[in-house]
Amino acid sequence: SEADKAKALEATNLDFIELGASHMVTGYDHLLFLFGVVFFLTRFNDIVKFVTAFTIGHSITLLFATLYHIQANYYLIDAVIALTVIYKGFDNLGGFKKYLNIASPNLLLMVFIFGLIHGFGLSTRLQMLPLPEEGLVLKILSFNVGVELGQIAALTIMLGLLAAWRKTNSFKKFSNAANIFLISLGVLLLLQQLQWFLQKVSPPD
């Protein structure tokens, strides 16, 4: 937002932590993907393993893409992030085996790769702010710390809700419907981002 851009001009590292946290907790595309990742995870070790893979992935691209000013159209990046949401819902439904008659790709590897993509999306947003050259690495790291704090807060709520839902009979009945809904939201996000991209490159007369 313009307010974020104005704030970034004189922002401290603490301010960048706040910006990172607010971006994550309002980043519905990131949250939808995380929701899909943890949807069927019940063991603590599995949750830590997959969330760590995602975190390492998005931390790598967030840091290096921002530091070396690697940019891409953010609508297209967000469109790819929408595809990761669709992928996770499809995978949760057993789509690879059911519809393609193949084994699902290694999930841990895919979560790491998708983390790289999500990190690039975070970087494109961060680079929209006026970033100072002095202390840039600390600013990026502070933003990433904020992202992690926002992610922990969001995951805490998600895991609490899922744990409570799994204790009810409705979880088995509606888990497939929930993942179909996840795919539908991903498709809507994809179409929205592509529409905005086309409007930007070919604005209406």
Side-chain angles (χ1 to χ4, degrees), residues 20 23-127 140-141 143-152 154-155 158-159 162 178-180 182-194 197:
H23 183 80
M24 176 53 79
V25 297
T26 58
Y28 43 83
D29 47 359
H30 301 290
L31 298 182
L32 286 172
F33 177 74
L34 283 172
F35 182 76
V37 169
V38 300
F39 190 83
F40 286 118
L41 298 182
T42 55
R43 295 174 54 198
F44 179 75
N45 287 347
D46 288 336
I47 294 169
V48 170
K49 181 170 64 175
F50 284 100
V51 171
T52 300
F54 181 72
T55 299
I56 292 173
H58 75 65
S59 297
I60 289 172
T61 43
L62 172 59
L63 176 63
F64 287 100
T66 308
L67 190 60
Y68 292 102
H69 308 291
I70 302 170
Q71 297 182 345
N73 184 282
Y74 51 84
Y75 291 131
L76 291 181
I77 294 298
D78 285 353
V80 175
I81 290 175
L83 286 174
T84 70
V85 175
I86 297 169
Y87 176 97
K88 197 65 201 77
F90 182 77
D91 185 45
N92 284 351
L93 291 170
F96 287 96
K97 184 67 175 177
K98 188 182 300 183
Y99 301 110
L100 303 179
N101 200 31
I102 60 173
S104 298
N106 183 283
L107 184 55
L108 190 63
L109 176 62
M110 295 306 297
V111 169
F112 172 74
I113 292 171
F114 290 157
L116 294 173
I117 296 170
H118 281 247
F120 196 26
L122 290 166
S123 176
T124 60
R125 296 299 185 184
L126 182 57
Q127 290 184 71
I140 299 171
L141 291 175
F143 184 85
N144 195 48
V145 168
V147 167
E148 304 314 324
L149 293 175
Q151 180 174 276
I152 291 170
L155 280 170
M158 285 182 201
L159 292 170
L162 285 169
N179 281 285
I180 291 171
L182 184 66
I183 292 173
S184 300
L185 291 176
V187 170
L188 288 175
L189 287 173
L190 174 64
L191 294 176
Q192 183 185 58
Q193 296 300 332
L194 291 177
F197 171 73

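Values in this document were obtained by computation on a predicted structure and should not be read as measured data. When reading the values below, keep in mind they use all heavy atoms of this one structure, side chains included, and skip hydrogens, waters and symmetry mates. Just so you know, residue 1 is the first one in the sequence shown, and it goes up from there.
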Restricting to non-hydrogen atoms, name the atom on [X] and the atom on [Y] that form the minimum distance, rounded to 0.1 Å.
X: A53; Y: V111; answer: CB-CG1, 4.4 Å
X: A82; Y: G186; answer: CB-O, 3.5 Å
X: N144; Y: S59; answer: ND2-OG, 3.1 Å
X: T66; Y: I140; answer: CG2-CD1, 3.6 Å
X: L194; Y: A79; answer: CD2-CB, 4.1 Å
X: L31; Y: A154; answer: CD2-CB, 3.5 Å

How long is the straight-line distance from [atom2] of [Y] back to [atom1] of [X], given to the nearest 0.5 Å?
X: I47; Y: T52; atom1: CD1; atom2: OG1; result: 11.0 Å
X: F64; Y: L116; atom1: CZ; atom2: CG; result: 11.5 Å
X: H23; Y: H30; atom1: NE2; atom2: NE2; result: 4.0 Å
X: E148; Y: T55; atom1: CD; atom2: OG1; result: 4.5 Å
X: L76; Y: T124; atom1: CG; atom2: OG1; result: 10.5 Å
X: L185; Y: N179; atom1: CG; atom2: CG; result: 11.0 Å

ask   = side-chain contact (heavy atoms from CB on, under 4.5 Å) between L93 and I183: does it pass, once the steps are laid out?
value = CA-CA 10 Å; L93 291 170; I183 292 173; 3.6 Å; yes

inquiry  = In terms of relative ring orientation, are F33 and F114 parallel, tilted or perpendicular, with 30° and 60° separating the classes?
reply    = perpendicular

key: Plane angle bin for F39 and F35 - parallel if under 30°, tilted between 30 and 60°, otherwise perpendicular   = perpendicular

message = Please report whether the ring centroid of Y87 lies less than 6.0 Å from that of F96.
response = yes

inquiry  = Tell me if the aromatic rings of F54 and F50 count as close, with their centers under 6.0 Å from one another.
reply    = no

inquiry  = Under the criterion side chain to side chain donor-acceptor pair (under 3.5 Å), I'd like the reasoning laid out for N92 against K88: C-alpha separation, chi angles, the key distance, then a yes or no.
reply    = CA-CA 6 Å; N92 284 351; K88 197 65 201 77; 2.6 Å; yes

Determine whether [X] and [Y] make a side-chain contact, defined as any pair of heavy atoms from C-beta on separated by less than 4.5 Å.
X: L126; Y: L122; answer: no
X: Q151; Y: V51; answer: yes
X: D78; Y: R125; answer: yes

key: Main-chain N/O of I81 paired with T84 side-chain donor or acceptor, under 3.5 Å   = yes

inquiry  = Quick one, I60 with F112, criterion side-chain contact (heavy atoms from CB on, under 4.5 Å). Give me CA distance, side-chain angles, the key distance, then yes/no.
reply    = CA-CA 10 Å; I60 289 172; F112 172 74; 4.2 Å; yes

ask   = Is there a donor-acceptor contact under 3.5 Å linking the side chains of H118 and H58?
value = no

inquiry  = Just checking F40: does its CZ atom have more than 12 heavy atoms from other residues, nucleotides or ligands closer to it than 6.0 angstrom?
reply    = yes

